[in-house]
Protein chains: 2
Amino acid sequence: MLASFLAERKLKKSKRRDAILSAFLAMETHVTAEELHRVLSAEHPGIGLATVYRNLKLLASCGLAKQVSLGGKAARFEHAFRHRHHDHLVCSRCGKVVEFLDSEIERRQESIASRHDFTLESHTLEIHGLCGSCRPPR
Amino acid sequence: MLASFLAERKLKKSKRRDAILSAFLAMETHVTAEELHRVLSAEHPGIGLATVYRNLKLLASCGLAKQVSLGGKAARFEHAFRHRHHDHLVCSRCGKVVEFLDSEIERRQESIASRHDFTLESHTLEIHGLCGSCRPPR
DNA sequence: TCTTGTCATGATAACGATTCTCAATTCCAG
DNA sequence: CTGGAATTGAGAATCGTTATCATGACAAGA
């Protein structure tokens, strides 16, 4: 999958590239380039932050990673490999993230796009609110 | 509306503040801080960019402005005053923006939030795709 | 296995959007 | 009018991200 993508574009494999890919796939959270870099540095010291950025972008463009924002300023990445499409519910206080999927919403987006003569490429839906533990007890 | 917000927080009025507010409300597009600053400079030369940022943030926090992203790197602002809530359909090539509202989607978001015990505060939904004029004729 | 052209990398500079700092100005309640 | 507080402009500082560039790693052919 990554291999064929690389081959098609005359891109090469490399130890670091592999290390970054597998570290990323091992992650279970929506990760920042810096966070991934920090984790990576334990096993593979010497990998530069720029390289992490470069490879995350690459993973994103071959469909293995997806960039989301989740409200912070730094971009976050999640894996799109064996991970169905979904949207996010984010706690605006503690940052907790819940993934959800609503097929009716998906369907309606399709229909909105075509109603306005757009060819749908992607969408981002983030719901922000307070989770149960952060809500003031009142 | 702005006045009462200012009063509550011991904030003051000022000529520049008013100028920024009215210039912003006169805008019909989703505007960037820099763009607003440029427009503003024609009538009120000498207003600093930082001041535009400060006041846009203020307008946002009192509910007169809403920050959206629309895919670019710079934050964009639209007015939320006499402007019903809506979401955006953005052409990923020419940047054209269509506003839409789907009450069923809105309703479902509510229900998703409460199903996960979240108190809904806001949401962002952006659909990206190619508009009719940008779609290659095939 | 060497060779060579290409791609990947690390370090760091550059960048762009936004925020901060701080001295000077403006506001407004008394 | 005045004093204390909020606002402002200019530019420095910040932060995430990307570009630059010299160097190292890779893949494929001789």
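Naming: A, B, ... by sequence-line order, numbering from 1 per chain. All values reported here derive from a predicted model rather than from experimental measurement. Atoms considered below: every heavy atom in the structure, side chains included; atoms not considered: hydrogens, waters and symmetry mates.
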Legend entry - Donor-acceptor pair under 3.5 Å, Lys13(A) side chain vs dA27(D) base: no

Legend entry - side-chain hydrogen bond (donor to acceptor under 3.5 Å, both in side chains) between His128(A) and Glu126(A), worked out: CA-CA 6 Å; His128(A) 291 256; Glu126(A) 281 181 20; 3.0 Å; yes

Inset, instruction - Return the value, rounded to whole Å, for the distance between atom CD1 of Ile47(B) and atom C1' of dT25(C). - result: 14 Å

Inset, instruction - Among the candidates dG4(D), dC15(D), dG10(C), find the nucleotide nearest to the side-chain atoms of Lys73(A). - result: dC15(D)

Legend entry - Distance test, side-chain N/O of Arg17(B) to OP1/OP2 of dT8(D), below 4.0 Å: yes

Legend entry - Polar contact flag, side-chain donor to acceptor under 3.5 angstrom, Ser111(B)-Arg115(B): yes

Inset, instruction - Report the distance from atom NE2 of His37(B) to atom C1' of dA17(C), rounded to the nearest whole Å. - result: 14 Å

Legend entry - Interatomic distance where CG belongs to Leu40(B) and P belongs to dG9(D) [whole Å]: 10 Å

Inset, instruction - Can you tell me the distance, in whole Å, between the NZ atom of Lys12(A) and the C1' atom of dG24(D)? - result: 11 Å

Inset, instruction - Provide, to the nearest angstrom, the distance between the CZ atom belonging to Arg38(A) and the P atom belonging to dG16(D). - result: 11 Å

Legend entry - Heavy-atom donor-acceptor pair, Lys15(B) side-chain to dT26(C) base, under 3.5 Å: no

Inset, instruction - Mind checking Ala74(A) for me? I need base, sugar-phosphate or nothing, with any heavy atom below 4.0 Å counting as a touch. - result: sugar-phosphate

Inset, instruction - Using only side-chain N and O atoms of Thr51(B), determine if any of them is under 4.0 Å from OP1 or OP2 of dT7(D). - result: no

Legend entry - Under-4.0 Å side-chain N/O to phosphate OP1/OP2 contact, Ser14(A) with dT9(C): yes

Inset, instruction - For Leu56(B) and dT19(C), give me the distance from atom CG to atom P, rounded to whole Å. - result: 10 Å

Legend entry - Evaluation steps, ring pair (Phe, Tyr, Trp, His ring centres under 6.0 Å), between Phe24(A) and His79(A): CA-CA 8 Å; Phe24(A) 174 65; His79(A) 17 105; 5.3 Å; yes

Inset, instruction - Return no unless some side-chain N or O of Asn55(B) is found under 4.0 Å from OP1 or OP2 of dT8(D). - result: yes

Inset, instruction - Could you tell me the separation between the CZ atom of Arg16(A) and the P atom of dT9(C), rounded to a whole number of Å? - result: 7 Å

Inset, instruction - Identify the residue among Gln67(B), Glu28(B), His86(B), Met27(B) that makes a side-chain contact (heavy atoms from CB on, under 4.5 Å) with Glu78(B). - result: His86(B)

Inset, instruction - Could you check how far OH of Tyr53(B) sits from P of dT18(C), rounded to whole Å? - result: 4 Å

Inset, instruction - Give Ala75(B) one of three labels, base, sugar-phosphate or nothing, depending on what nucleic acid heavy atoms sit under 4.0 Å from its own. - result: sugar-phosphate

Inset, instruction - Could you grab the distance from atom SG of Cys91(A) to atom NE2 of His116(B), nearest 0.5 Å is fine? - result: 14.0 Å

Legend entry - Whichever of Arg54(A) and Val52(B) has its nearest DNA chain D nucleotide further upstream toward 5': Val52(B)

